[in-house]
Amino acid sequence: MLQKKGPPIMLTPRISLVLIALLMVPQLALAASWTIDPVHTAVEFKIRHLMVSWVKGVFTDVDGTVEIDEDNLPGSSTRVTIATASIDTNNQKRDDHLRSADFFDVSRFPTITFVSKEVLVADGQPVKLIGDLTIRDVTREVTLDIESLSPPITDPWGKTRRGASATTTINRKDYGLTWNKLLESGGVVVGDEVRITLEVEMIRS
C-alpha cells in the first residue's frame, strides 16, 4: 500500500539558524578558553648593569586569555596585558626611575601588550608563539620560544589548570627605551639586550 506523503517541511530562517548553530557546536567545543592566573604567573626579565652583572626584575600585574584548540594547535591564540607600574626590581629608587619618562613612562603608557598571530607546532607540541609586542606605543613582532605546555589538571577546588613556560629576547631601544649613561671605561650603565622569561598558569574559563 502506498503511503500518502505529507506536506514538505518548510525551514524558516529562524529554524535554519538554529540547525546551523547545532551543527557547529562540536567544532566550537574543540577550542578551550583559559584565563591567566596572575597570582601564579610571573613575567621576569634581566638586563646587563654596568656591563658586568645581570639585574633581574618582574612585572607583578599580568592579565590575559589563551585559546587552545587541541585538534588545531596552530589555530590557538594568546592575548596578554601587563601593567607597567607593577615593575619590581627589589630596589625602590631604581623602580621609580624605570616608571619615569626615561623608561616606561607609566603615566602615558600604562600597559604592555602581547597579541599572538601564529603558533608553530612540532611533533604535536607548540614550540613557538609569534605575535606583536607593544611597549610605549611601539609595536614589533617577537617570537616566544615555548619550553613547555603542561597537560590540564584539576586542583583541590575543582578548577582545571595548566601551565606554560616561554622565553624571548628583545632590544629595549627598539621600543624607545633609550636612556643610558656612558662609563669612563667606555661601557654603558644599562645594556640593550633584555632577556624575558614567562611562567604562566591558566584556569579554564
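Only this structure's heavy atoms are used, side chains among them; waters, hydrogens and symmetry mates stay out.
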Mind checking whether [X] and [Y] have side chains closer than 4.5 Å, heavy atoms only?
X    : Y    : result
Q125 : V121 : no
I112 : L133 : yes
I153 : T160 : no
E193 : N171 : no
F114 : V142 : yes
T167 : I196 : no
V66  : V200 : no
E147 : T197 : no

Which atom of [X] lies closest to which atom of [Y], heavy atoms considered:
X    : Y    : value
D132 : K117 : OD1-NZ, 3.4 Å
L73  : G124 : CD1-O, 3.4 Å
D37  : H40  : OD2-ND1, 2.7 Å
G57  : T89  : CA-CG2, 4.0 Å
E199 : S165 : OE1-OG, 2.6 Å

Open item on the list: Within the supplied structure, the quantity of interest is the number of heavy atoms (other residues, nucleotides, ligands) at a distance under 6.0 Å from N90 CG; does it exceed 12?
Closed with: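 At most 12 heavy atoms, drawn from other residues, nucleotides or ligands, come within 6.0 Å of this atom.
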Task: Whether over 12 other heavy atoms sit under 6.0 Å from R99 CZ - done: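 It does: R99 CZ has more than 12 such atoms within range.
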Can you find a side-chain donor-acceptor pair between [X] and [Y] that sits under 3.5 Å?
X   : Y    : answer
T65 : T35  : no
S76 : E67  : no
D88 : T60  : no
S33 : S205 : no

Distance from [X] atom [atom1] to [Y] atom [atom2], nearest 0.5 Å?
X    : Y    : atom1 : atom2 : value
R195 : T169 : CZ    : OG1   : 6.0 Å
D96  : K93  : CG    : NZ    : 10.0 Å
K173 : D192 : NZ    : CG    : 4.0 Å
D174 : I135 : CG    : CD1   : 9.5 Å
K159 : R161 : NZ    : CZ    : 6.0 Å

- [ ] Sort out for me which residue in F109, Y175, F59 forms a ring pair (Phe, Tyr, Trp, His ring centres under 6.0 Å) with F104.
- [x]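 So, applying the ring pair (Phe, Tyr, Trp, His ring centres under 6.0 Å) to F104 and each of F109, Y175, F59, only F59 qualifies.
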Exam field: side chain [X] to backbone [Y], donor-acceptor pair closer than 3.5 Å:
X    : Y    : answer
S148 : A164 : no
T134 : T139 : no
T41  : E201 : yes
S86  : D61  : yes
S150 : G163 : yes

TODO: Check the pair V58, V43 against side chain to side chain contact (heavy atoms under 4.5 Å, CB included), reporting the backbone distance first and the verdict last.
DONE: CA-CA 6 Å; V58 63; V43 177; 5.5 Å; no
Open item on the list: Closer than 4.0 angstrom, basic N to acidic O: yes or no for R108 and D105?
Closed with: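 A salt bridge is present here (some side-chain N lies under 4.0 Å from a carboxylate O).
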Open item on the list: If you apply the rule side chain to side chain contact (heavy atoms under 4.5 Å, CB included), what do you find for I87 with L98, and how did you get there?
Closed with: CA-CA 8 Å; I87 193 168; L98 290 169; 3.6 Å; yes
TODO: Take D63 and T81, measure what side chain to side chain donor-acceptor pair (under 3.5 Å) needs, and give me the verdict at the end.
DONE: CA-CA 5 Å; D63 184 31; T81 301; 5.6 Å; no
TODO: Dump the intermediate steps for salt bridge (charged side-chain N to carboxylate O under 4.0 Å, His left out) on K56 and E44, then the final yes or no.
DONE: CA-CA 7 Å; K56 296 182 178 181; E44 302 171 336; over 6 Å; no
Hydrophobic clustering (ILVMFWY, side-chain heavy atoms < 4.5 Å, transitive) - are [Y] and [X] grouped together?
X    : Y    : answer
L129 : I170 : yes
V115 : V138 : no
V80  : I203 : no

- [ ] Tell me, please, which residues at least two apart from H97 pass ring-ring contact (aromatic ring centres under 6.0 Å, His included).
- [x]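 Expected list: F103, W179.
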- [ ] Apply the test side chain to side chain contact (heavy atoms under 4.5 Å, CB included) to residues I47 and R172: give CA-CA distance (whole Å), side-chain angles for both, the deciding distance (0.1 Å), then the verdict.
- [x] CA-CA 10 Å; I47 189 169; R172 65 185 180 93; 3.7 Å; yes
- [ ] Mind running side chain to side chain contact (heavy atoms under 4.5 Å, CB included) on R162 and I68 for me, showing each step along the way?
- [x] CA-CA 11 Å; R162 69 191 309 175; I68 301 177; 3.9 Å; yes
